[in-house]
Amino acid sequence: MSENNLPAVMAELADLENPRMREVNERHGDDHGVKLSALRAIAKRLKRQQDMARELWATDDTAARLLALLICKPQEFTRQELDTMVRESRAPKVHDWLVNYVVKKSPYAELLRLNWMMDPDQEAASAGWALTSDRVAKSPDGLDLPGLLADIEAKIREAPDRLQWAMNTCLAMIGIHHEELRARALEIGERFEVLKDYPTPPNCTSPYAPIWINEMVRRQKN
């Protein structure tokens, strides 16, 4: 039996499962106990395999899906496949890797961003906001930044957790990268206090938008 077929890879992932790590990860909604470094080592061995990636994704196992995202060929997914995958991405880490490692590299990224921004599904909408945050920082031409701030102002307080996080990130990116809108971004962040009490490890920047914005601007000036 090849060590690189689906049953063998799933057995390998099962052997790497660490109950204590799963307990830690589950506090953040990520139901797996495999070290990310171990997943990357397997991905390095497997290399890019689109068929295997699709098989791993279809298992609905979080560790297997993370591995799938490491070995897939992003440009080979259809627009419909990516839309379906985003809506299926239960675990936060899977959602994050899917958007950042795969969708951003897809030729359909901008079309999906536009479609997802107003989608009633939390998974899709948060993916749309994540892609918008990336454009705010890297290629803002054509974006209605004041309109985005107005949308955030109207919706962020009542947004479900994952969508709220994505909108908060966009708020911070506008404040960090667009000086003319910084004061308004800071005011919105201070008024709604989203993620103000989020536990932040030492030497990490708080996701609370006013702290995040001011810290990154300070670094840019140094």
Enquirer: Could you tell me whether E215 and R218 have a side-chain N and a carboxylate O separated by less than 4.0 Å?
Expert: yes
Enquirer: Does some side-chain heavy atom of P146 sit less than 4.5 Å from a side-chain heavy atom of D144?
Expert: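 The answer is yes; the side chains approach within 4.5 Å.
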Enquirer: State, without any angle test, whether D96 and N100 hold a side-chain donor-acceptor pair at a distance under 3.5 Å.
Expert: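 Short answer, yes.
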Enquirer: Using a strict cut-off of less than 4.0 Å between a Lys/Arg side-chain nitrogen and an Asp/Glu carboxylate oxygen, indicate whether R45 and E12 qualify as a salt bridge.
Expert: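 Between E12 and R45 there is a salt bridge, with a charged N closer than 4.0 Å to a carboxylate O.
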Enquirer: Is any NZ, NE, NH1 or NH2 atom of the basic residue among D134 and R113 found under 4.0 Å from an Asp or Glu carboxylate oxygen of the other?
Expert: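 The answer is no: the pair does not qualify as a salt bridge.
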Enquirer: Check the pair N18 / K35 against side chain to side chain contact (heavy atoms under 4.5 Å, CB included), numbers first and verdict last.
Expert: CA-CA 8 Å; N18 182 311; K35 288 184 179 179; 5.7 Å; no
Enquirer: Do the charged groups of D60 and R65 touch, with an N to O distance under 4.0 Å?
Expert: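 Yes, this pair counts.
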Enquirer: Pick one: which of L66, L13, V94, D61 meets side-chain contact (heavy atoms from CB on, under 4.5 Å) with H32?
Expert: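 Single side-chain contact (heavy atoms from CB on, under 4.5 Å) partner of H32 among L66, L13, V94, D61: L66.
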Enquirer: Is there a donor-acceptor contact under 3.5 Å from the side chain of H178 to the main chain of V136?
Expert: yes
Enquirer: Is there a path of hydrophobic side-chain contacts, each under 4.5 Å between heavy atoms, that joins M117 and L82?
Expert: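 Result: no, two separate clusters.
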Enquirer: Is a donor from one side chain sitting under 3.5 angstrom from an acceptor on the other, for E55 and T59?
Expert: no
Enquirer: I'd like to know whether Y198 forms a ring pair (Phe, Tyr, Trp, His ring centres under 6.0 Å) with W212, so could you lay out the CA-CA distance, the side-chain angles of the two residues, the decisive distance to 0.1 Å, and finally the verdict.
Expert: CA-CA 12 Å; Y198 190 83; W212 190 356; over 10 Å; no
Enquirer: Would D83 and R79 pass as an ion pair if we require N to O under 4.0 Å?
Expert: no
Enquirer: Just by distance, do the side chain of H95 and the backbone of E123 share a donor-acceptor pair under 3.5 Å?
Expert: yes
Enquirer: Would a distance-only check, ignoring hydrogens and angles, find a side-chain to backbone donor-acceptor pair under 3.5 Å from R54 to A68?
Expert: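 Between the backbone of A68 and the side chain of R54 there is no qualifying donor-acceptor contact (under 3.5 Å).
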Enquirer: Does any part of the side chain of L148, heavy atoms only, come nearer than 4.5 Å to the side chain of L145, both counted from C-beta?
Expert: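 Yes, their side chains come closer than 4.5 Å.
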